[in-house]
Structures are given as structure tokens and as C-alpha cells.
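All remarks here apply to the structure that follows.
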Amino acid sequence: MIYQLEIDDRDETGRAVLAFIRQMAATNKATKPPVALNQSKLSERPFGTMKGSFKLIPDFNEPLDELKDYM
């Protein structure tokens, strides 16, 4: 499995997590070493990248049949 994680290494916890993941990647011979997400990448992410990816059904706000006994 391949996972892509964004880890903010500006605080001690983030640095510790990143160090742990790097150690695990080295132990498991990962093909790509994990890298820290720097501050500039955080500001470069555009808003609305998932727009249009989700569709709500027309009766989204209607009560569920399974919960009619409780209403």
C-alpha cells in the first residue's frame, strides 16, 4: 500500500511523527522516503479542489426509514 501523508513539522509532535515514519520507511525499505510539508506548500493549496466530487441525493434531509420508530 502507498500512503501520502502531509505532516506539519513546525512543532515537536510533528517532528517526532515524521522521524518515526522515516525510521519505519527505512526499516521497510520504502521506495520513496517521507518528506516534511513546508509552510509554502500549505499556502499553495487552492480552495475548491474537491468541488463537484460529491453529489447529495435530493432527499438528503428527509428522515431515514430506519429511524421512524424513534420519531
Side-chain angles (χ1 to χ4, degrees):
M1 283 192 237
I2 298 174
Y3 296 99
Q4 180 176 352
L5 301 173
E6 294 179 355
I7 299 172
D8 186 359
D9 66 343
R10 291 178 288 176
D11 63 353
E12 186 176 338
T13 304
R15 286 189 296 272
V17 169
L18 189 59
F20 175 75
I21 292 174
R22 282 185 177 140
Q23 179 185 2
M24 293 301 294
T27 302
N28 294 316
K29 298 181 176 106
T31 56
K32 292 182 180 179
V35 295
L37 180 67
N38 61 22
Q39 182 62 26
S40 64
K41 284 188 180 181
L42 285 175
S43 61
E44 291 175 6
R45 184 179 300 156
F47 289 108
T49 56
M50 296 296 291
K51 186 175 184 178
S53 298
F54 303 99
K55 302 280 184 202
L56 294 179
I57 57 175
D59 64 345
F60 177 76
N61 288 327
E62 297 299 318
L64 297 174
D65 292 334
E66 295 85 7
L67 300 177
K68 285 189 178 185
D69 295 339
Y70 303 102
M71 299 176 140

(request) Write down the atom of Arg15, the atom of Arg10, and the distance for their closest heavy-atom approach. (result) NH1-O, 3.4 Å
(message) List the residues meeting side-chain contact (heavy atoms from CB on, under 4.5 Å) with Phe60, not counting sequence neighbours, and say none if there are none.
(response) Leu56, Ile57
(request) Could I get the full list of salt bridge (Lys or Arg N to Asp or Glu O under 4.0 Å) partners for Lys68, not counting sequence neighbours? (result) Asp65
